[in-house]
Every structure is written in structure tokens, then in C-alpha cells.
**Student:** 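What follows is a structure written as C-alpha cells; I'll ask about it next.
Basis for what follows: all heavy atoms, side chains included, without hydrogens, waters or symmetry-related copies. Every chain is numbered from 1, with letters handed out A, B, ... down the list of sequences.
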Protein chains: 2
Amino acid sequence: MSDHVEKLLLQWSDVRPDLDCSPMGIIGRIGRMEKFLSPSVEAVINSHGMSRIEFDLMATLRRANGPLTPTELYKTTMLSSGAVSSKLDKLVDRAWVERLVNEEDRRSCRVILTEKGIGVIDPAVEDHVYNQKKLLESLTSEEQQTLGNLLAKWLGEHENQL
Amino acid sequence: MSDHVEKLLLQWSDVRPDLDCSPMGIIGRIGRMEKFLSPSVEAVINSHGMSRIEFDLMATLRRANGPLTPTELYKTTMLSSGAVSSKLDKLVDRAWVERLVNEEDRRSCRVILTEKGIGVIDPAVEDHVYNQKKLLESLTSEEQQTLGNLLAKWLGEHENQL
DNA sequence: TATTGTTATACTCTATAACTATA
DNA sequence: TATAGTTATAGAGTATAACAATA
């Protein structure tokens, strides 16, 4: 069973035999796997009445198990500060999160999930994880382990370059 | 050296010990690796005076080594037909590609790279591949091989579900 | 009637920076 | 003067479907 990128590499070796295109084999496939995964992940999340970004914010708050500032939120989610602000507005509208005044530094605030918000994000995360599990079933659990470790190794070195 | 997703999994196991979040370890990392790779890939491509989408279209034409219809282009690049149409307009403006009339089916056309276009895409691809190679250097060539094979296996089964 | 490609629309996301209120 | 967060703006991409020309 060959994939799209394999055909692409064959074409390149015909047209530009002087070029070693093997790095495309990995980076091209990472991008392609992302493109295949996204619609499924998005669909599950949307079925819980939220966008993927809103899910990321709520899930970040949930697993932090306590208040976070908008700055902490945009740094861990890799979003811009502006994006976090406007998304928080919409989550506050739905009473899924609250902004608490920070008495120690009144420029800042602390964002928390409401009880209602926890009631929304918990089943969403459960569905999300179940969906992810199904999506990976075409690899054995050993292959999944290996894949996860290789990605973790790469990320460990690149994230720490920041 | 631990990565961001590992910390995230630890947090989940604290807050929701009932949930097996290990699938996040792979899908989360795929998305995160993509987010780290993109800016670098984009920067190299932009330095050749084109957007990533324009690069994808030009590279697709280059390795096809002959004319393609807009339909073939949007299917292989996973873009919408509308996106391809408007991007082709801009590439035609720069005289990097041409639309040839298809005498056999006058609804359709055949898109080709001009000599000028080939002169632009070839060095861009060379730079792109070199950049990708550098980006992967934190993995050994054996690890790269394993990673590519695992991704290819997953994609081979999912792409063929279409 | 179906298909190819183009065009138009509205929507989302992004990046940037101006702005406010505090420190 | 610097920082935290909000707000406003413009640009790029996407999805959708209406549309014209042709089959």
C-alpha cells in the first residue's frame, strides 16, 4: 500500500534526479496527516458546540485545574493575545468561563472554568480522545508508541530552542 | 528532554485519571510539529517571491513534467477549485505559468510552467529541500526512516479510503 | 442535464499595532 | 517607562454556491 507522498517522491526522482528529496518524505507526510486528521477532530469538537480554538482554551483550563491568566493561555496554546481575548469574550457570553479580577495586579485577570463549562468540556474531551483512538487504529500499539516517541524527541529539542 | 505534550499528558492523568489520553500523545504532537515546521518552510518559500500555495501549485506542475488541468491541480493539492483559479491568475500575471486552450474539450484548459516559471521553481525547491533536511537533523537518519515509514503506513490506509 | 472552470460572497483566522489601565 | 489585556484593522485562506461555456 503506497501513499501519495511516495508517488510524489518517484516523480521528483524522474524530473530532478540530482536532488535528494527524502526530507519531503517526512515533512510532507506530517503536513498531509494533519490535513487528514483535522476535519475529523474538528467535527467531533463542533458537535459539542465549540470551535477547535475554544476547545483548546477550555481544555487548557481544565487540565491546569485552576485559574490561568490570558497571557498564560496564549503562550501555551500558541495563539495571539488578540485571538485569546476575543475567544474568551465568547466563552464568557456562554457562561463557560469567568474572568476574575486579580487584586494583586489590577492590569491582569484570572480565567477559570465555571461548573457549567466543566460540564461541557469533560464530555467533549472524552469524545475527542475516543475519536483520536479510532483514528490511530491502523497502527499497532507498538507502532503508535514508536511514532509518539520519535515525535516527542524532535519536539523536545525544538521546543526548548525557544 | 521532555516535550510540551508530555507535560500535558501528565496534567490530564492528574485531573482525569479515568481517561486514557495516550492518543493525544501522537495526534497532539503531529499538530504541534506542523506548527513548528510551518514558519520555517514558509519563510524559505516566501524568500523566492511566492506564497506556500503558489509553491505547491508550481511544484506540482514541475514534477508532473507536463500540463495539468485545474481540476487535477486542485485534487492533488487538496485545495478548492476556487482557490486554484485565483492563484493561477496571479501566477499567469507573473508569466510563471500559462493556460493553454484544450481543443478537445473547450470547457477545460491545460496549465503549464513557462521557462521563466521553471527558472523560479527549481531553485525554490532546492532551497526548500535543503531547509527540510536541516529541520530534521535532530533525528538520526535511521529514526527519520522509521518515522517516514510509520507516517506512510498510516497515510496509505487513510488516503485509500477516499 | 452534467461538467469545467471562474467568480462572488461571507466567514474565519492571523498578524500588527494602537489603545487603556495599571505597575 | 514597561506591562497586561483589549480592541481595531487589514490581509490571506476557506467554503459555498452561483454562474457561463461547453459537453
Side-chain angles (χ1 to χ4, degrees), chain A residues 31-32 34-43 45-46 49-58 60-61 67-93 97-112, chain B residues 31-32 34-43 45-46 48-58 60-61 67-94 97-112:
Chain A
R32 226 170 141 84
E34 239 289 300
K35 273 204 172 179
F36 273 88
L37 291 169
S38 275
S40 172
V41 168
E42 215 118 310
I45 287 172
N46 293 348
M50 62 184 88
S51 72
R52 188 168 190 172
I53 289 182
E54 289 167 341
F55 175 88
D56 284 346
L57 291 172
M58 305 255 295
T60 302
L61 288 166
L68 295 173
T69 65
T71 301
E72 289 169 328
L73 277 172
Y74 84 73
K75 284 186 177 164
T76 64
T77 53
M78 295 174 86
L79 295 168
S80 70
S81 63
V84 169
S85 270
S86 65
K87 292 299 165 188
L88 285 180
D89 286 346
K90 298 194 177 177
L91 294 174
V92 168
D93 287 347
V97 310
E98 278 181 86
R99 286 184 176 99
L100 303 180
V101 177
N102 182 346
E103 293 297 344
E104 285 151 27
D105 181 345
R106 300 186 59 85
R107 291 173 306 184
S108 180
C109 66
R110 305 191 311 155
V111 182
I112 57 161
Chain B
R32 223 169 144 83
E34 239 290 299
K35 273 204 171 179
F36 273 88
L37 290 169
S38 275
S40 172
V41 168
E42 213 118 310
I45 287 171
N46 293 347
H48 289 265
M50 62 184 87
S51 72
R52 189 167 188 173
I53 289 181
E54 290 168 341
F55 175 88
D56 284 345
L57 291 172
M58 305 255 296
T60 301
L61 289 165
L68 294 173
T69 65
T71 301
E72 288 168 326
L73 277 173
Y74 85 73
K75 285 188 177 163
T76 64
T77 53
M78 295 174 85
L79 293 168
S80 69
S81 62
V84 168
S85 271
S86 66
K87 291 299 164 188
L88 285 180
D89 286 345
K90 297 194 178 179
L91 293 174
V92 168
D93 287 347
R94 277 174 272 175
V97 312
E98 279 180 87
R99 285 185 176 99
L100 303 180
V101 176
N102 183 346
E103 293 297 348
E104 286 151 25
D105 182 345
R106 299 186 61 83
R107 291 173 306 182
S108 180
C109 67
R110 306 192 310 156
V111 182
I112 57 161

**Student:** Out of C/dC13, C/dT6, D/dT6, which nucleotide sits closest to the side chain of A/S81?
**Tutor:** D/dT6

**Student:** Distance check needed: C/dT6 C1' versus B/L91 CG, whole Å only.
**Tutor:** 16 Å

**Student:** Among D/dT6, D/dA23, D/dT7, which nucleotide has an atom closest to any side-chain atom of B/D105?
**Tutor:** D/dA23

**Student:** From the list D/dT6, D/dT22, D/dT14, which nucleotide is the closest neighbour of the side chain of B/L79?
**Tutor:** D/dT14

**Student:** Could you state the atom-to-atom distance from CZ of A/R52 to P of D/dT14 in whole Å?
**Tutor:** 15 Å

**Student:** Indicate whether OP1 or OP2 belonging to C/dC13 is found under 4.0 Å from a side-chain N or O atom of A/K87.
**Tutor:** yes

**Student:** Around atom CZ of B/R110, are there more than 12 heavy atoms from other residues, nucleotides or ligands closer than 6.0 Å?
**Tutor:** no

**Student:** Taking the nucleotide of DNA chain D with the nearest heavy atom to each, does A/K35 or A/T69 sit closer to the 5' end?
**Tutor:** A/T69

**Student:** Can you list the residues that meet the side-chain contact (heavy atoms from CB on, under 4.5 Å) rule with B/R107, with sequence neighbours excluded?
**Tutor:** B/D105

**Student:** Provide, to the nearest angstrom, the distance between the CG atom belonging to A/L73 and the C1' atom belonging to D/dA4.
**Tutor:** 13 Å

**Student:** Select one nucleotide: of D/dT6, C/dA23, D/dT22, the one nearest the side-chain heavy atoms of A/R99.
**Tutor:** D/dT6

**Student:** A/S51 or A/S80: which one's nearest nucleotide on DNA chain C is closer to the 5' end?
**Tutor:** A/S51

**Student:** Rounding to an integer number of Å, can you tell me how far B/E72 CD sits from C/dT3 C1'?
**Tutor:** 15 Å

**Student:** Between A/T69 and A/N102, is the side chain to side chain contact (heavy atoms under 4.5 Å, CB included) condition met? List the steps.
**Tutor:** CA-CA 9 Å; A/T69 65; A/N102 182 346; 5.5 Å; no

**Student:** So for B/R107 and C/dT3, does any side-chain atom that can act as donor or acceptor lie under 3.5 Å from a complementary atom in the base?
**Tutor:** yes

**Student:** Step by step, would you call A/V111 with A/V92 a side chain to side chain contact (heavy atoms under 4.5 Å, CB included)?
**Tutor:** CA-CA 10 Å; A/V111 182; A/V92 168; over 6 Å; no

**Student:** Using a cut-off of less than 4.0 Å, is there contact between a side-chain N or O of B/S108 and OP1 or OP2 of C/dT4?
**Tutor:** no

**Student:** Write down the distance between CD (B/E104) and C1' (C/dT4), rounded to a whole number of angstrom.
**Tutor:** 15 Å

**Student:** B/E42 has an atom CD; how far is it from atom P of C/dA15, in whole Å?
**Tutor:** 10 Å

**Student:** Which whole-number value in Å describes the distance from B/R110 CZ to C/dT4 C1'?
**Tutor:** 15 Å

**Student:** Are more than 12 heavy atoms, taken from residues, nucleotides or ligands other than B/E103, located less than 6.0 Å from that residue's CD atom?
**Tutor:** yes

**Student:** Write down the distance between NZ (B/K90) and P (D/dG11), rounded to a whole number of angstrom.
**Tutor:** 11 Å

**Student:** Check every strand shown and say whether A/S86 touches a base, only sugar-phosphate, or nothing at a heavy-atom separation below 4.0 Å.
**Tutor:** nothing

**Student:** For A/A83 and A/N102, take the nucleotide of DNA chain C holding the closest heavy atom to each; which residue's nucleotide lies nearer the 5' end?
**Tutor:** A/A83

**Student:** Near B/R52 CZ, under 6.0 Å, is it more than 12 heavy atoms from other residues, nucleotides or ligands?
**Tutor:** yes

**Student:** Checking contacts here: which listed nucleotide (D/dT14, C/dC13, C/dT16) is nearest the side-chain heavy atoms of A/I53?
**Tutor:** C/dC13

**Student:** Please determine, for the side chain of A/S85, which listed nucleotide (C/dA15, D/dT7, D/dT16) has the closest atom?
**Tutor:** D/dT7

